[in-house]
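Before any comments, here is the structure.
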Amino acid sequence: MQTLGTRTTAAGRAGLAGAPREPLAELPAVAPVAPNELVELYRLMTSVRQLDVAAISWQRQGILPAYAPELGQEAAQVGSALALDPSRDFAFPTYRELGVARAFGVDMVEYMSTHKATWHGGLWDAATTHVAPIQAVVAGSVLHAVGWAHGQTLEAHGELPAQGLAVAITYLGDGASSQGDVHEAMNFAGVFKAPVVFFVQNNGWAISVPTEKQVAGGSVAARGAGYGIPAVQVDGNDAAAVLEATRRAVAHARSGHGPAIVEAMTYRRGPHATSDDPGRYRTLDEEREDAGQDPLARLRELILAEGAATEEILAEADAAGAAEAERVRLGVIALGPRRGAEMFDLVFQEPTDELLRQKANWREESEHE
Amino acid sequence: MSETLTTSEAGAGAGTVTLSLQGALNLALDELLAEDPKALVLGEDVGTLGGVFRVTSGLAAKHGAERVFDTPLAESGILGMSIGLAMAGFHPVPEVQFDGFAYPAINQIVCQLARMNYRSRGAVPMPVTLRVPSFGGIRAPEHHGESLEALFAHVPGLKVVSPADPQQGYSLLKAAVRMPDPVIFMEPKSRYWQKGEVVTEAAAAASAAAAASAAAAAAATNDGGRSLGAADLTDAGLTGARIARPGRHLTLVAWGAMVARCLQVADLAAEDGIDVEVLDLRWLKPIDAEALASSVGKTRRAVVVHEGPRTSGLGAEVAQLVTERCFGTLKAPVERVTGFDVPYPSGDLEDEYIPNIDRILFGIQRVLEYKRG
């Protein structure tokens, strides 16, 4: 039996004068990514790529009011999300986590609804999909992941379950890493040994501000040492490397050893959002130089070099992705506005009389159904 | 609807315990932790120490250090963690140590806690009750004596409540924690050590059962008296305002620590033949507009009293609710006796800031002497 929860030994109180420092636990080794898993990564990543590129078009065509593309971050998002078990683990995304949502099985029309301005948080059911609703305060949900994860520790009542703990993964970027809530979250997670993986997508830019003006010391992962949290930096454009690194972090958390940090070094190839103009802060030459190899092309080369799949199979995956993007386009177009009554009905579980009065007045004066 | 909590004549004394507000809150938390395995208490110093006001005293020892636990000293972290725990199916009762320290958590309270149910379309409810030792009157340092009710009441998705005495503290905390929505629970810290009679739920249930069996045994002898049933402590009796003192000439509307002050004022006014009704609003969101209308409809005059700054304070909301419902019968505009539009002052000046007996009496006088035209 392994004791979970807050450390109580002197050795655990890293930082106390005279107390022995517990060496950072090595993240456990995991099996290498299997050939069939490379193909699964590709299937998901090509779908995500085509959805993401299509969504830009939909915005230009007036189908979506705005969109925040994740172009170039497919390996980081899909690679990390595939390391989790959506039936029991829980993901806390930012507004740029199309790949995570897709890998967790979120309906893509319901996902796009947040960008269509149908419903801020998105239409998917967070409780059943285990993907928290979109929220717009960067780092706002990082603490929620810590709380959810500590809940898993509490549910275990001091005894590690046979299948290990359910694990939270929280997504944040280099920009969000400046928020105080990230410090509080990492410190709380370290103190409570919460089974949470902090997955940092360091994509080089927070809108117009580059990482070197954002992250003192140059690495979010490096902060782990201060919290006693094992941390790794990984090539975020290498899908297999991301999957393996995240699996190691998840295995660490699942086995009751507490939080871990994975910092995926990647590149935001597109604008911050469709309203952004990167030409005001970086040149095309700089983009080409800094972006490195396209993660999807790179995975394709790896698969073919290792003989994990044939050109034909990858072409089929690309075609399936294109067909999916078209289905989602039709679904997004068909997505109508929500009934206005939902404004009132979804504020509380138990609405107040005052809110019901306002709803009645709105219905009467606006002549809605 | 308003409700006056009284014990039955038969049960008076027998079913009550004498507790301070702090003790009543402690008992409520103790019983909540016992009845609800998902309930958790967390915050700074709430575990081993039992809280700086000792409201959580003994709870960690009794219910376990996993369920009543100290957090690092970071209010945003406390609230953010509570939200995540609620997402995992728990019913957290976090504490911020003093009102002014709710400010560092404001993003988590306003942008996250208040919106999660809405954002998730009801899939992720937030049964979180945030306990906030509130208001002034204890000569404390800066940010240890603030009145945040107007700020919280303005935020869609939050409910706000403030108990005035031990019975209200016990009953309202239980009602709040059992709710499936986020509640800001504002404890009047200057009243923590004031004692009063508290009817516990167990006593109320026993009283109700005894009354029921007595009624069954002698159905014909009903004298019209009512006992304090369990329903009074769990359902309709706790959702609105309460008449703390009935009166005929004027309604003083108050909450939290100001209720006791208004009761003092009412006693003084009675010496001059002015019969003041004191309406303890209890719930500041939602405000019990019907109880306001019922009381002021009868007295035709109202003064609202609160510690928080005047401009955009809840007094304005109360005045408007009264005006909408009682304009035709009002004898005078609703008067406000409040704190001033200044940062909460140091202890030496707080008696000048918090509405005192004289200022409330002046407010009453202005309303009584009001002449139209």
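Naming convention: chains lettered A, B, ... in sequence-line order (proteins, then strands); numbering from 1 in each chain.
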* Inspect the contact between B:Glu290 and A:Arg357 and indicate whether a charged nitrogen and a carboxylate oxygen are less than 4.0 angstrom apart. => yes
* To do: Give the minimum heavy-atom separation between A:Gln349 and B:Pro125, together with the two atoms involved.
  => NE2-CG, 3.6 Å
* To do: Select one option (side chain, backbone, both, neither) describing which atoms of B:Asp181 are under 4.5 Å from chain A's heavy atoms.
  => side chain
* Relative to chain A, which segment of B:Met116 carries a heavy atom at a distance below 4.5 Å: side chain, backbone, both, or neither? -> side chain
* Contact origin within B:Ala289 toward chain A - heavy atom pairs under 4.5 Å -> side chain
* Let me know if A:Glu184 has heavy atoms under 4.5 Å from chain B in its side chain, its backbone, both or neither. => side chain
* **Separation of A:Glu354 CD from B:Leu321 CG (nearest 0.5 Å)** => 7.0 Å
* With respect to chain B, which residue among A:Val137, A:Thr114, A:Asp125, A:Val146 yields the maximal number of heavy-atom pairs within a distance under 4.5 Å? -> A:Val137
* Looking only at heavy atoms, which two atoms of B:Asn107 and A:Asp181 are closest? And how far apart? -> ND2-OD2, 3.6 Å
* How long is the gap from CG on B:Asp288 to OG1 on A:Thr352, to the nearest 0.5 Å? -> 12.0 Å
* Let me know if A:Leu123 has heavy atoms under 4.5 Å from chain B in its side chain, its backbone, both or neither. => both
* Asked: What pair of heavy atoms forms the shortest contact from B:Arg119 to A:Pro133, and how long is it?
  -> CG-CB, 3.7 Å
* Asked: Which atoms form the tightest heavy-atom contact between A:Ala127 and B:Ala123, and what is the distance?
  -> CB-O, 3.7 Å
* To do: Could you tell me which non-hydrogen atom of B:Pro156 sits nearest to which non-hydrogen atom of A:Val347, and how far apart they are?
  => C-CG1, 4.4 Å
* **Max heavy-atom pair count under 4.5 Å with chain A, selected residue of B:Ser76, B:Gly64, B:Ala65** => B:Ser76
* Rounded to the nearest 0.5 Å, what's the gap from CD on A:Glu350 to OG1 on B:Thr239? Could you check? => 10.5 Å
* Asked: Taking all non-hydrogen atoms of both residues, which atom of A:Phe192 and which atom of B:Asp70 are closest, and how far apart?
  -> CZ-O, 3.6 Å
* Structure fact -> Turns out that what part of B:Leu158 lies under 4.5 Å from chain A's heavy atoms comes down to backbone
* **Non-hydrogen side-chain atoms of B:Leu85 and A:Leu154 separated by less than 4.5 Å** => yes
* Is the backbone N or O of B:Tyr118 less than 3.5 Å from a side-chain atom of A:Trp119, with the two atoms forming a donor-acceptor pair by type? -> yes
* Do B:Gln108 and A:His144 come within less than 4.5 Å of each other through their side chains, counting heavy atoms only? -> yes
* Asked: Is it the backbone or the side chain of A:Ala126 that comes under 4.5 Å from a heavy atom of chain B, or both, or neither?
  -> both
* Decide yes or no for A:His120 and B:Arg121: does some side-chain heavy atom of the first lie under 4.5 Å from some side-chain heavy atom of the second? => no
* Asked: Based on non-hydrogen pairs under 4.5 Å, which of B:Lys159, B:Lys285, B:Arg67, B:Arg115 is most in contact with chain A?
  -> B:Lys159
* Structure fact -> One should read off an interatomic distance between A:Gln135 CD and B:Gln112 CD, to the nearest 0.5 angstrom, of 4.0 Å
